[in-house]
A.B. asks: 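I'd like to ask some things about the structure below.
Per chain, numbering begins at 1; letters A, B, ... match sequence-line order.
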Amino acid sequence: MKQTAQDIWVFGDYRNYFQTRVTLQLLSRAGDLAVKTGSAVCAVVFGHNLDEYVKEYIAHGAHKVYVIEHSSLKKYSMENYVWLMERLAKEYKPDIILVGATSFGREFAPRLAKLLGTGLTADCVGLDINEQGILVQTAPAFGGNLLAEIITPERRPQMATVRPGTFQEIPHDYERKGQVIKIPLPKDLPKERLRLVHYQRKPHRGQRIEDAGVVVCGGRGMGGKNRFKKLFDLARLLGGEVGATRPVVYANWTDPELLVGQAGKHINPNVLFSFGVSGAIQHTAAIRDAGLIIAVNKNPNATMMKKADVAIVADANQLCMALIKELKKRIRS
Amino acid sequence: MLKMIVCIKQVPMVSELNWDPRTGTLKRDLAEGMMNPACHHALEAALRLKELHGGHITAITMGPPMAEEVLREALAIGADRCILLTDKRMAGADTFMTSFILARAIEKECPDFDIVLCGCHTSDSETAQVGPQLTEELKIPGAAYVEWLELKENVLRMKRLSDNFLETLEMDLPGLVTVTTSHYQPRYVPLAGLQDAYDKCDIITLDADDLKLKIAGIKDSPTRILKVYSPDSEKKNIEMKGPAKKIVEELLDKFGRKIGGEIQKDLKAYGQEQ
Ligand SMILES: Cc1cc2nc3c(=O)[nH]c(=O)nc-3n(C[C@H](O)[C@H](O)[C@H](O)COP(=O)(O)OP(=O)(O)OC[C@H]3O[C@@H](n4cnc5c(N)ncnc54)[C@H](O)[C@@H]3O)c2cc1C
Ligand SMILES: Nc1ncnc2c1ncn2[C@@H]1O[C@H](COP(=O)(O)O)[C@@H](O)[C@H]1O
């Protein structure tokens with residue numbers, strides 16, 4: 001018991017394993033933190049037929065993997081997983097629990113934190129250990145224009161969620177050794193009150209804009225439906241997705257699905273292109289997690305230009321065409 | 001009769017806000033407030049259920065006295081009763097404390113509720129934690145990020161998109177949902193309704209003593225803000241202008257590696273290799 005008191009746990013969120021590598025990214029960051037605290041990095045995973053994931057977690061840096069495997073856990077279940085994790089955390093007393101901010105994780109973590117009577121910081125962009133050995137969680141605050149450093153000084157475990165793509169996974173190494181701790185399914189697992197009647201993988205067009213690494217966003221400045229369509233060519237070349245502002249959706253230049261903003265989707269691409277967008281807060285509130293922002297606007301004083309890393313003063317449509325042409329050349333080379 | 005509770009938060013309308021660097025909390029009194037968009041959608045979902053099945057909607061908010069405004073707005077749109085939780089001792093509450101206080105107020109004022117509806121997240125703190133935590137506080141089943149609801153007898157059927165899965169879920173009531181902004185487009189607020197809302201109905205105002213709570217928002221919150229700072233300085237803010245072709249070349253020469261990340265292609269390399 002004593003030895004495990006300092007462990008750092010990562011929730012094994014393996015659904016969409018190939019798209020969402022957040023568990024592996026967290027194992028990597030947990031490894032950095034563990035060096036400072038002298039703790040072990042543990043993955044905790046529930047489900048059925050988990051061998052493959054257990055191997056992956058060890059190959060990606062987990063020193064220990066706690067596994068509860070049972071045919072009744074085949075389907076992802078919020079209530080079951082929260083209940084099991086609470087049970088394990090109360091028994092093994094980890095110092096830190098990290099959860100990927102997938103849709104599942106973003107519901108799982110707050111419920112777990114509540115049951116454990118501890119704090120939780122959402123969507124951390126940085127995690128570190130201070131001199132007192134406390135986890136310092138950096139997260140966007142107050143509409144995302146500010147960053148806050150947050151700690152949970154007294155209660156344990158310390159808990160944080162982290163969006164996919166925030167940290168880098170370490171390359172897998174199947175030579176790595178780890179301890180696998182198999183725990184039988186507790187007999188008193190309560191009956192689920194929330195019943196999953198039906199589920200299906202979304203028949204998605206490639207990927208969802210929320211998960212896209214590159215988003216090409218167009219606003220009214222694109223000038224028309226046909227011109228707006230060019231953005232799809234650009235997005236395709238970059239392996240990305242297209243987003244739109246509200247006037248674009250209202251004018252029916254594209255699908256409401258693609259609306260980016262308070263009334264639409266929040267996105268967090270590594271690279272965001274913004275063509276002919278003025279930068280109203282209802283729109284920019286949803287793009288603040290974007291990495292590199294490249295804005296194109298004929299008005300150098302547009303708010304969007306101030307929010308950009310690269311502010312290009314040009315006609316949106318002409319620049320889009322020029323970029324497509326140049327990209328085609330470079331991709332082929 | 002279907003008894004619904006909608007948790008509504010007032011959020012600042014603008015993004016440039018004053019905050020107290022000492023406590024790290026927001027000086028909310030300086031910011032003009034509006035109803036948090038997701039809460040607005042949750043209210044709309046409740047109104048649609050009410051139209052179909054009849055019912056009674058209680059809107060509840062915790063915040064400074066001026067948060068009364070969003071309750072008036074809720075009344076104008078169709079809520080039946082409003083509760084304002086306001087107390088200096090509640091200020092600075094994190095999601096853990098907020099959900100605790102909301103739960104105690106719900107238990108006191110409407111213990112026989114059928115459905116609690118929350119927004120999926122707020123535009124200011126954006127934690128998406130209060131709804132799920134309230135589920136645990138009230139010890140009822142719940143589902144987050146619900147896009148669509150339907151009531152049959154005592155069973156609530158829900159649809160949501162969870163990661164890459166379209167899920168259909170069911171639970172017996174009472175239960176809690178947090179509603180996304182994708183489906184329940186809020187109705188227009190009639191100006192006349194807003195007028196009436198000021199005359200029509202009183203707002204029940206409760207403080208910590210009314211709820212028999214011995215609390216201190218900041219002290220009792222498990223999390224503590226160490227410091228708040230502006231990351232904006234990180235923006236490189238390079239300006240480029242001139243002929244489109246030249247800009248595009250410059251852009252890719254400078255950022256080609258990052259831009260090509262998704263297709264695993266260093267778009268910078270071109271030119272040097274030739
Ligand atoms: C409650 C509420 C919710 C909202 N929710 C959302 C939301 O979710 N998402 C959203 O996007 N909006 C939302 N809005 C609307 C938002 O306030 C703005 O009106 C909207 O984002 C503006 O879109 P835009 O930038 O495309 O258009 P505009 O503001 O009209 O800006 C067009 C820009 O293009 C530039 N431009 C024009 N011609 C060219 C050219 N040839 N080349 C280059 N640049 C050019 C102009 O200089 C200007 O900066 C909401 C509003 C409200 C009140
Ligand atoms: N102070 C509050 N008063 C009432 N409801 C709240 C409050 N804070 C959060 N909520 C509810 O919880 C949801 C999610 O908020 P958050 O966890 O802050 O993102 C909101 O959409 C509201 O429904």
A.B. asks: Looking at side-chain heavy atoms only, is the closest gap between A:Arg208 and B:Leu161 below 4.5 Å?
C.D. replies: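 Result yes, sub-4.5 Å side-chain heavy-atom pair found.
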A.B. asks: A:Val249: what forms a side chain to side chain contact (heavy atoms under 4.5 Å, CB included) with it, not counting sequence neighbours?
C.D. replies: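 Side chain to side chain contact (heavy atoms under 4.5 Å, CB included) list for A:Val249, sorted by chain: A:Ala244, A:Pro256, A:Leu259.
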A.B. asks: Quick check: do B:Phe165 and A:Leu196 have side-chain heavy atoms less than 4.5 Å from each other?
C.D. replies: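 Answer no - side chains too far apart.
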A.B. asks: Heavy-atom distance under 4.5 Å to chain B: side chain of A:Leu115, backbone, both or neither?
C.D. replies: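 Only the side chain of A:Leu115 comes within 4.5 Å of chain B.
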A.B. asks: Are the charged groups of B:Glu239 and A:Lys306 less than 4.0 angstrom apart, N to O?
C.D. replies: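 A:Lys306 and B:Glu239: not salt-bridged.
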A.B. asks: Does any non-hydrogen side-chain atom of A:Glu326 lie less than 4.5 Å from one of B:Lys245?
C.D. replies: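 Yes, close enough: below the 4.5 Å cut-off.
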A.B. asks: Given salt bridge (Lys or Arg N to Asp or Glu O under 4.0 Å), test A:Glu79 with B:Lys139 step by step and report yes or no.
C.D. replies: CA-CA 12 Å; A:Glu79 289 187 345; B:Lys139 299 190 169 55; over 6 Å; no
A.B. asks: Tell me, side chain or backbone of A:Met305 under 4.5 Å from chain B's heavy atoms, or both, or neither?
C.D. replies: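 When you check distances to chain B, only backbone atoms of A:Met305 fall under 4.5 Å.
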A.B. asks: Identify which part of A:Thr118 has an atom lying under 4.5 Å from any heavy atom of chain B, answering side chain, backbone, both or neither.
C.D. replies: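 For A:Thr118, the contact with chain B is made by the backbone alone.
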A.B. asks: Mind checking whether A:Glu154 and B:Pro222 have side chains closer than 4.5 Å, heavy atoms only?
C.D. replies: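 With C-beta onward as the side chain, the pair stays apart.
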A.B. asks: Output yes when A:Arg106 and B:Asp163 qualify as a salt bridge under the 4.0 Å nitrogen-oxygen rule, no when they do not.
C.D. replies: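 The answer is no: the pair does not qualify as a salt bridge.
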A.B. asks: Heavy-atom pairs under 4.5 Å with chain A: which of B:Lys241, B:His41, B:Gln129 has the most?
C.D. replies: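 Of the candidates given, the most pairs with chain A belong to B:Gln129.
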A.B. asks: For the interface with chain A, which of B:Gly142, B:Pro186, B:Cys120 has the highest count of heavy-atom pairs at distances below 4.5 Å?
C.D. replies: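 Option with the greatest count: B:Gly142.
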A.B. asks: Just to verify, which of B:Glu137, B:Gln133, B:Glu136 counts as forming a side-chain hydrogen bond (donor to acceptor under 3.5 Å, both in side chains) with A:Lys114?
C.D. replies: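 Exactly one candidate clears the test, B:Glu137.
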A.B. asks: Check each atom of A:Val313 against the heavy atoms of chain B and say whether the ones under 4.5 Å are side chain, backbone, both or neither.
C.D. replies: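 Interface part for A:Val313: both.
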A.B. asks: List for me each residue that meets side chain to side chain contact (heavy atoms under 4.5 Å, CB included) alongside A:Lys325, sequence neighbours excluded, and say none if there are none.
C.D. replies: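 If we apply the side chain to side chain contact (heavy atoms under 4.5 Å, CB included) test to A:Lys325, skipping adjacent residues, there are no hits.
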A.B. asks: State which residues pass side chain to side chain contact (heavy atoms under 4.5 Å, CB included) with A:Asp289; sequence neighbours excluded, sorted by chain then number.
C.D. replies: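 Scan of A:Asp289 (side chain to side chain contact (heavy atoms under 4.5 Å, CB included), adjacent residues dropped) gives A:Pro140, A:Arg163, A:Asn268.
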A.B. asks: Pick from B:Ala143, B:Gly242, B:Pro243: which one has the most heavy-atom pairs with chain A under 4.5 Å?
C.D. replies: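 Heavy-atom pair counts peak at B:Ala143.
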A.B. asks: Checking B:Glu249 against chain A: side chain, backbone, both or neither under 4.5 Å from a heavy atom?
C.D. replies: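 Contact with chain A is through both the backbone and side chain of B:Glu249.
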A.B. asks: Closer than 3.5 angstrom, by distance alone: can the side chain of B:Arg224 be matched with the main-chain N or O of A:Thr152 as a donor-acceptor pair?
C.D. replies: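 Such a contact is absent between B:Arg224 side chain and A:Thr152 backbone.
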A.B. asks: Among B:Thr95, B:Thr122, B:Ile140, which has the most heavy-atom pairs under 4.5 Å with chain A?
C.D. replies: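 Ranked by heavy-atom pairs under 4.5 Å with chain A, first place is B:Ile140.
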A.B. asks: State, with a plain yes or no, whether a side-chain heavy atom of B:Met158 is found less than 4.5 Å away from one of A:Leu194.
C.D. replies: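 Side-chain contact under 4.5 Å: yes.
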A.B. asks: Taking every non-hydrogen pair under 4.5 Å, which of B:Thr168, B:Ile263, B:Thr127, B:Ile259 racks up the most with chain A?
C.D. replies: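 Option with the greatest count: B:Thr168.
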A.B. asks: Do B:Thr135 and A:Arg111 have side chains that approach each other closer than 4.5 Å (heavy atoms only, starting at C-beta)?
C.D. replies: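 In contact.
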A.B. asks: I'd like to check A:Arg195 versus B:Arg157 (side-chain heavy atoms, cut-off strictly below 4.5 Å). Are they in contact?
C.D. replies: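 Side-chain contact under 4.5 Å: no.
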A.B. asks: Is it the case that B:Arg160 places NZ or CZ above or below the six-membered ring of A:Tyr199, under 6.0 angstrom from the centre and within 45 degrees of the axis?
C.D. replies: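 No, cation not above the ring by the 6.0 Å, 45° rule.
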A.B. asks: Do A:Leu327 and B:Leu252 make a side-chain contact, defined as non-hydrogen atoms from C-beta onward lying under 4.5 Å apart?
C.D. replies: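 In contact.
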A.B. asks: Strictly less than 4.5 Å between heavy atoms, which residues of residues 171-182 of chain B line up against chain A? Please order them by number.
C.D. replies: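 B:Met171, B:Asp172, B:Thr181 fall under the 4.5 Å cut-off.
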